[in-house]
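Sequence positions, counted from 1, serve as the residue numbers for this chain. What you are looking at is a predicted structure, and each value in this text was computed from that prediction instead of being measured.
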Amino acid sequence: MTNAVFLDRDGVINQLVFNPDLGLIDSPLNPSEFTLISGAAEAIKTFNRLGLKVIVVSNQPGIAKGKMSEKLFEEIRQKNEEFACRE
């Protein structure tokens with residue numbers, strides 16, 4: 001058995017953003033809005049050093065509601081990976 005930690009992406013790993021067009025605080029809708037929360041990368045490193053797998057989960061209602069395409073989500077996900085590799 002492998003021990004793991006499941007982390008929600010939006011609001012746990014990255015900051016939520018205010019979308020003035022929708023009047024909502026929500027998930028980032030484009031890569032330029034994606035910003036890691038201070039300490040998130042270090043926390044993930046600590047989990048890894050402790051031998052825990054880190055699994056990032058995200059339900060992404062923006063795709064289901066048509067606010068974001070799957071292609072755009074993939075660009076944001078890739079930016080997330082770039083941050084993880086740098087930290």
When the side chains of residues 19-29 are checked against the rest of the protein, which donor-acceptor pairs come out under 3.5 Å, sequence neighbours left out?
from, atom 1, to, atom 2, distance (Å)
Asn19, OD1, Asp21, N, 3.0
Asn19, OD1, Leu22, N, 3.1
Asp26, OD2, Lys67, NZ, 3.3
Ser27, OG, Asp10, OD2, 2.6

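Considering all non-hydrogen atoms of both residues, Ala4 and Ile55 come closest at CB-CD1, 4.0 Å. Here the closest non-hydrogen pair linking Asp8 and Ser58 is OD1-CA, 4.1 Å. Nearest heavy atom pair, residue Lys53 against residue Thr2, reads CG-CG2, 3.4 Å.
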Q. What do the steps show when you test Ile13 against Val56 for side-chain contact (heavy atoms from CB on, under 4.5 Å), and what is the final call?
A. CA-CA 9 Å; Ile13 294 173; Val56 178; 3.6 Å; yes
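Of the inter-residue distances, the one linking Lys71 atom NZ with Glu75 atom CD reads 4.0 Å to the nearest 0.5 angstrom. The distance from atom CD of Glu42 to atom CG of Leu36, rounded to the nearest 0.5 Å, is 12.0 Å. Phe73 contributes atom CZ, which lies 10.5 Å from atom CD of Gln78 (distance to the nearest 0.5 angstrom).
The side-chain heavy atoms of Arg9 and Asn14, taken from C-beta on, include a pair separated by under 4.5 Å.
With sequence neighbours excluded, no residue satisfies side chain to side chain donor-acceptor pair (under 3.5 Å) with Ser69. Looking at residues two or more places apart in sequence or on another chain, you find a side-chain contact (heavy atoms from CB on, under 4.5 Å) between Val54 and Leu7, Ile44, Phe47, Asn48.
Residue-environment remark: CZ (Phe6) stays at or below the threshold of 12 foreign heavy atoms within 6.0 Å.
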